[in-house]
Amino acid sequence: MYKLLLCWRYLLTRYLALVCIVSVLLGVATLIVVNSVMAGFSTKLRDRLHGALSDIVVQSWDYTGFDDPTGKMEQIRDDPELNSRIEAMTPTVEIFAMLQFKIQGTPIVRAVRLIGIDPEGRARIGGFAENLGPANQEHPSFDLSPEALNRYMDLHPDMGQRSPPIRANDKLPPPDPPPSPPAVPMSAFVGYAIANVRNPKSTPQKPLPDICVLNPGEEAKLTTITDGEIKPVEYRYVVADYYHSEMSEQDSQYIFVPLKHLQLLRNMGDRATEIQIRLKNYDKDKELVTKRLQALFKVEGIQVNTWEDLQGPLLSAIGVERGILNVLLFMIVGVAGFGILAIFSMIVVEKTRDIGILKSLGASHWGILKIFLSYGLLLGLVGAGVGTILGVTITIYINQIEHGLALLTGQDIFPRTIYYFKEIPTDLQPLTLILINVGAVSIAVLFSILPALRAALLHPVRALRYE
Amino acid sequence: MQEAVPVLSAVALQKTYRKYAIKAEVLRGLDLDVQQGEFLSVVGASGSGKSTLLHLLGVLDRPDKGEIFFDGQRIDNLPSHRRDLLRNQTFGFIFQFYHLLPELTALENVLMPQMIACSVLGWIRHRREIKHRAVELLDRVGLGRRLHHRPRELSGGEMQRAAVARALINRPRVLLADEPTGNLDAEAGGEVVRLLRDLNRQDGLTIIMVTHNMDIVASADRVVRLVQGRVEGAAESHSYDAALAPESVGGA
């Protein structure tokens, strides 16, 4: 009982102890904020990375692709083990291309990744339709919106007669069957950052909307290569919608076009370069499905990877970064621990005579030890508790705080252009909170062991005579 | 009187303090018997080992050689938890510098030995009666109106009286007082000694008091003089002048 009373009184009367509390508090708050933001980044980044890739990708090892993707999908469906675990599949074609369009008469050329998809099928894989405009969220299609169509008609009054031909540069045999004259032009989903440029005058104080350089309904020329013997081919696609994943790498590179048309353009028959697969339960089944698929397509030189395999280096980089940050930040709490050690040692010296008194009144070694251990525990608990409240509050209001700081300093703390996140992502994980708290309190107790032992082992008579 | 078993007795106590190569022999074979209900005063020059004797008797320290008996049972070689228990339950200490805990009020200081004795549960269950007793004790020593004052808000005499109340809360068998008036003026010292005298007379408490102050020695039943780590003379208090004379070798 006396231990609690003394602990409490020492806490209230020793202002030095507040220093310990503040150091623990700051350490805990920083750890929580940094971990939540890192976790937020990591989760969001994983989502984004995953978005462009299906759970499992069956891919050809080069851009030539493989024959008969439909047959291969049937082959997969025929395996009951696989069939029961697979939610959806869709073939895609991926190839590099050059994009050309004009801004006020000046031609712009960019390198892009051209992805041929069946929009409905791709949407079933996930991480696609939600990155498109509102009209394409439910049932994505390459159809132009009325507004885009009007713009196209305004730009091309002769459109009714025009049938955009596939123009190979020389004597390439005409694709078979030749494309029938489309009633509407071929359209594409264009990465948001290709078609929109950040306003250079935009500041955190006065954010201005991005400048659009390629509106829906406007045309852009895509040049890519044919399959087999490489020949350049080009086609004019009309922008139907933007693909806005908030991952700058994807938004500045991806252009989606209809699969059938790309196959036609590249003269590759029904060949595909990839089959995207979505699993019902990715975490549970990824290994089994990957192994079975690998066995199934072993002979054909086809690679089977999970999306994590494909993004491995980036994901592990995030993991490593988080680990290193945590080590560094726990060193902060470690410094707080040494603070506790130093301050406790001082308090023990200051309290030497009191310790002697307590021993003369019958307090045991163990009792004295417990006073100082509980004192450390109490400091740790108070520090960690207040630190948790502070950390969680900062995490919840981090965007407001960032905004305020940006206004105050005029310095953009979280440049949207780099990350393409609208706001700082956070993810408060209860387990992390618990671990940080347990860690901080244990450090506080651990570092009070030495001073507590010193107090407990003081000789009562010498302690009483201490001046 | 000689036939009764002494409540506390020391046999051939030796204690040497060492610091580096320097040895200070404080007690050199001290023998002492204290009877139940006795008010014994130990006098002697500075460094004659008075305080050391008190610490050894109160099991705050261990002798290098010799034995200490309480109620006929040896106590100097007990394991530390038994010694803690003795200090808590059997002996009460009063010190020259009061040694109250500065963070606690007078009442809390008095309660401290009980708090040490009780578990948290025990404390919660019995705190009313314990507090009642503490208030009573503080009343008895004249501090009934200063229960919630911190030590620094009390005078020297008041602090010492609070310390007496603290020493009494666990109903000790023996009160060990180490120069209880050494830091007080004559009036406050007189009050403390009167209080001890009353405790001895009315409650039959055994008191061993170490002192420098020849004026208060008169209150004691018996005076023992320490010279060079031994009991040099013992006499009834009415002849303490004789006891203090170096030639006299006492025997009751």
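What you see below is based on every heavy atom in this structure, not just the backbone, and it leaves out hydrogens, waters and symmetry mates.
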Fill in: Which portion of B:Y17 sits near chain A, non-hydrogen atoms under 4.5 angstrom
side chain
Fill in: Structural part of B:F95 lying under 4.5 Å from a heavy atom of chain A
side chain
Worksheet item: Which atoms of A:T13 come close to chain B, meaning under 4.5 Å heavy atom to heavy atom: side chain ones, backbone ones, both, or neither?
Response: side chain
Discussion item. Using side-chain heavy atoms (C-beta onward) and a distance below 4.5 Å, is A:D354 in contact with B:E103?
Written reply: yes
Discussion item. Ignoring hydrogens, what is the shortest heavy-atom contact between A:K359 and B:R87? Give both atom names and the distance.
Written reply: O-NE, 2.6 Å
Item to complete: Flag the pair A:H365 / B:D84 as yes when at least one side-chain heavy-atom distance between them is below 4.5 Å, and no otherwise.
Response: no
Practice prompt. Please flag which part of B:H99 lies under 4.5 Å from any non-hydrogen atom of chain A: side chain, backbone, both or neither.
Written response: both
Worksheet item: With only heavy atoms counted, which part of A:L464 is less than 4.5 Å from chain B, the side chain, the backbone, both or neither?
Response: both
Worksheet item: Does CD belonging to B:Q73 count more than 12 external heavy atoms closer than 6.0 Å?
Response: no
Response to the item:
From the list B:N88, B:L176, B:I116, the residue making the most non-hydrogen contacts under 4.5 Å with chain A is B:I116
Fill in: chain B contact via A:L5 - side chain, backbone, both or neither, heavy atoms under 4.5 Å
side chain
Worksheet entry | Residue part contacting chain A, namely of B:L104, when any heavy atom lies under 4.5 Å | both
Discussion item. Looking at B:R74, I want to see if its CZ is surrounded by more than 12 non-hydrogen atoms of other residues, nucleotides or ligands under 6.0 Å.
Written reply: yes
Worksheet entry | Residue B:R83 versus chain A: region with a heavy atom under 4.5 Å | neither
Item to complete: Report yes if some heavy atom in the side chain of A:L361 is under 4.5 Å from a heavy atom in the side chain of B:R166; otherwise report no.
Response: yes
Worksheet item: Non-hydrogen atoms of chain B under 4.5 Å away: do they reach the side chain of A:R465, the backbone, both or neither?
Response: side chain
Worksheet item: Could you walk me through whether A:H459 and B:D61 pass the side-chain contact (heavy atoms from CB on, under 4.5 Å) check?
Response: CA-CA 8 Å; A:H459 192 282; B:D61 205 351; 3.1 Å; yes
Discussion item. Let's test your reading of the structure: which of B:T52, B:N170, B:V120, B:L60 forms the most heavy-atom pairs below 4.5 Å with chain A?
Written reply: B:L60
Fill in: Atom group of B:Q114 that falls short of 4.5 Å from chain A, counting heavy atoms
neither
Discussion item. For chain A, which candidate among B:G58, B:A167, B:P102 shows the most heavy-atom pairs at distances under 4.5 Å?
Written reply: B:P102
Practice prompt. Check the surroundings of atom CZ in B:R62: do more than 12 heavy atoms from other residues, nucleotides or ligands lie under 6.0 Å from it?
Written response: yes
Worksheet entry | Residue part contacting chain B, namely of A:K3, when any heavy atom lies under 4.5 Å | neither
